[in-house]
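What follows is a single structure, written as structure tokens, with notes after it.
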Amino acid sequence: MGEAARIRLDAAVAALPVREARPLRRMVAALDRRFLSVTVPDPSVSSLAPWWQRRDWF
């Protein structure tokens, strides 16, 4: 479910005009920073996968 949600979120940001997408991009960036702080790189996932798929929980 999380993977599908992230794909939809990225699509929503991309579909919005730049100005209207700005607040959503800021929220996503804050959530990404939080996600990065509580996960570690997963070397078993291909480097071709999106960055958020290459992370693993502690």
Side-chain angles (χ1 to χ4, degrees):
M1 182 165 139
E3 187 173 322
R6 179 57 193 240
I7 290 168
R8 280 186 295 231
L9 182 58
D10 287 343
V13 170
L16 289 169
V18 173
R19 187 173 187 198
E20 285 81 1
R22 199 168 292 136
L24 183 55
R25 280 197 316 269
R26 277 195 290 265
M27 285 187 267
V28 171
L31 291 170
D32 286 348
R33 286 190 299 274
R34 185 174 173 196
F35 181 70
L36 280 168
S37 74
V38 297
T39 59
V40 295
D42 184 347
S44 69
V45 178
S46 168
S47 63
L48 300 176
W51 73 267
W52 45 267
Q53 288 180 344
R54 298 187 315 258
R55 305 293 294 179
D56 198 5
W57 299 100
F58 279 66

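Just so we're clear, the structure is a prediction, and the values are computed from it rather than from any experiment.
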State, to 0.1 Å, how close Glu20 and Pro23 come at their nearest heavy-atom pair, and which atoms those are. O-CD, 3.4 Å

Looking at every heavy atom in both Pro43 and Pro41, which two are closest together, and how far apart are they? CD-O, 3.4 Å

Using the rule that two of Ile, Leu, Val, Met, Phe, Trp, Tyr join whenever any of their side-chain heavy atoms come within less than 4.5 Å, decide whether Leu16 and Met27 are in one cluster. yes

Tell me whether Trp52 shares a hydrophobic cluster with Val40, the cluster being built from Ile, Leu, Val, Met, Phe, Trp, Tyr side chains joined at under 4.5 Å. no

Between Arg54 and Ala49 (side chain of the first, backbone of the second, donor and acceptor by atom type, cut-off under 3.5 Å), is there such a pair? yes

Output for pair (Gln53 CD, Leu48 CG), nearest 0.5 Å, gives 11.0 Å

Does Arg55 use its side chain to pair, donor to acceptor, with the backbone of Leu36 at less than 3.5 Å? yes

Quick one: are Leu9 and Leu24 in side-chain contact, heavy atoms under 4.5 Å? yes

Count I, L, V, M, F, W, Y as connected when their side-chain heavy atoms are under 4.5 Å apart, and connections chain through other members. Are Trp51 and Trp57 then in the same cluster? yes

Going from CZ on Arg6 to CG on Asp32, what distance comes out if it is rounded to the nearest 0.5 angstrom? 4.0 Å

